[in-house]
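All values derive from a computational prediction rather than experimental measurement.
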Amino acid sequence: MVREIYDTELDDLLKLYLNLHEDTVPEMTEHLKTTWETIIKDNNHHIIVKEVDGKIVSSCVCVVIPNLTRGIRPYAFIENVVTNEEYRGCGYATECLNYAKSIAQKENCYKMMLLTGSKKETTLKFYEGAGYNSSDKTAFIQWID
């Protein structure tokens, strides 16, 4: 089943993120709780999960960003696409991305954007197969300490 995350599933999501780029599950601090509550209450912030046998095995984030151009149509930003290593190659991340696309369409977004830090050919081909391209825009990132 692909769906939006429940507010009680933060621990499961943080454990899944160990398959992304995190080394440890963060301590349950007030800052973490407040951040989680902010995300859960934000109608433009969607955490999409794939559940298999009661376990969250894949996820992505879709944030719908209001916009004053393109006919005042919003756009969607996709981030934190991840699948548990044991479940990769089953199409679960694609299901999450398709769910994100349905949200973007429902919200009348004119585009979806996704950035990846991966240089792996398989990852890049995966995103191309999901309908994304790397030729329309150039991304620049500035890291802030």
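Although no hydrogens or angles enter the test, the distance criterion places a donor-acceptor pair under 3.5 Å between the side chain of Asn19 and the main chain of Glu85. Between the side chain of Asn67 and the backbone N or O of Arg73 there is at least one donor-acceptor pair closer than 3.5 Å.
The cluster map of Ile, Leu, Val, Met, Phe, Trp and Tyr, joined by side-chain heavy atoms under 4.5 Å apart, puts Ile65 and Phe140 in different clusters. Leu114 and Tyr92 fall into different hydrophobic clusters, defined by Ile, Leu, Val, Met, Phe, Trp and Tyr side-chain heavy atoms under 4.5 Å apart, directly or through other members. Residues Val25 and Ile56 share a single hydrophobic cluster, defined by chaining ILVMFWY side chains whose heavy atoms lie under 4.5 Å apart. Clustering ILVMFWY residues whenever any of their side-chain heavy atoms sit less than 4.5 angstrom apart, transitively, puts Tyr17 in the very cluster that holds Val49.
Atoms CG and NZ, from Leu10 and Lys33 in turn, are 10.5 Å apart once rounded to the nearest 0.5 Å. In this structure, the separation between CD on Glu79 and CE on Met113 is 11.0 Å, given to the nearest 0.5 Å. We find the CZ-CD distance between Arg3 and Glu9 to be 4.0 Å, quoted to the nearest 0.5 Å. Atom CD1 of Ile47 and atom CG of Asp7 lie 11.0 Å apart (nearest 0.5 Å).
Across all non-hydrogen atoms, the minimal contact from Lys101 to Met112 is CA-SD, 3.6 Å. The nearest pair of heavy atoms linking Glu107 to Pro74 is O-CG, 3.3 Å. Smallest separation of non-hydrogen atoms from Ala93 and Phe126: CB-CZ, 3.6 Å. The two atoms that bring Cys96 and Cys60 nearest to each other are O-SG, 3.7 Å, heavy atoms only. Contact detail for Leu20 and Val81: the closest heavy-atom pair is CD1-O, 3.4 Å.
Side-chain contact between Asn80 and His21 is present, with heavy atoms from C-beta onward closer than 4.5 Å. Residues Glu27 and Leu32 fail the side-chain proximity criterion, which asks for heavy atoms closer than 4.5 Å. Considering only heavy atoms from C-beta on, Ile39 stays 4.5 Å or farther from Val61 through its side chain. You'll find the side chain of Cys90 stays beyond 4.5 Å of the side chain of Thr83, heavy atoms only. No side-chain heavy atom of Trp36 sits under 4.5 Å from any side-chain heavy atom of Leu14. Annotation: side chain of Cys62 is in contact with side chain of Ile78 (closest heavy-atom distance under 4.5 Å). Residues Leu124 and Ser134 are not in side-chain contact: their nearest non-hydrogen atoms beyond the backbone lie 4.5 Å or more apart. Considering only heavy atoms from C-beta on, Thr116 stays 4.5 Å or farther from Tyr132 through its side chain.
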Checklist entry - Yes or no on side chain to side chain contact (heavy atoms under 4.5 Å, CB included) for Leu16 and Asn84, after CA distance, side-chain angles and deciding distance? => result CA-CA 6 Å; Leu16 178 64; Asn84 181 307; 4.0 Å; yes

Checklist entry - Under the side chain to side chain contact (heavy atoms under 4.5 Å, CB included) criterion, do Ile40 and Ile5 qualify, and how do the steps go? => result CA-CA 9 Å; Ile40 288 296; Ile5 199 163; 4.1 Å; yes

Item to check | Test log, rule side chain to side chain contact (heavy atoms under 4.5 Å, CB included), inputs Asp12 and Tyr6 | outcome: CA-CA 10 Å; Asp12 296 330; Tyr6 302 135; over 6 Å; no

Next on the checklist: Does Thr38 form a side chain to side chain contact (heavy atoms under 4.5 Å, CB included) with His45? I'd like the steps, not just the answer.
Outcome noted: CA-CA 9 Å; Thr38 299; His45 201 132; over 6 Å; no

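Cluster partners of Val64, by chain and number: Val2, Ile48, Tyr99, Ile103. The rule joins Ile, Leu, Val, Met, Phe, Trp and Tyr whenever side-chain heavy atoms lie under 4.5 Å apart.
Shown here is Asn133, whose CG atom has more than 12 heavy atoms of other residues, nucleotides or ligands within 6.0 Å. Applying the 6.0 Å contact sphere to CZ of Arg70 captures no more than 12 heavy atoms from other residues, nucleotides or ligands.
Ring orientation note: the planes of Tyr110 and Tyr75 are nearly perpendicular, at an angle over 60° on the 30°/60° scale.
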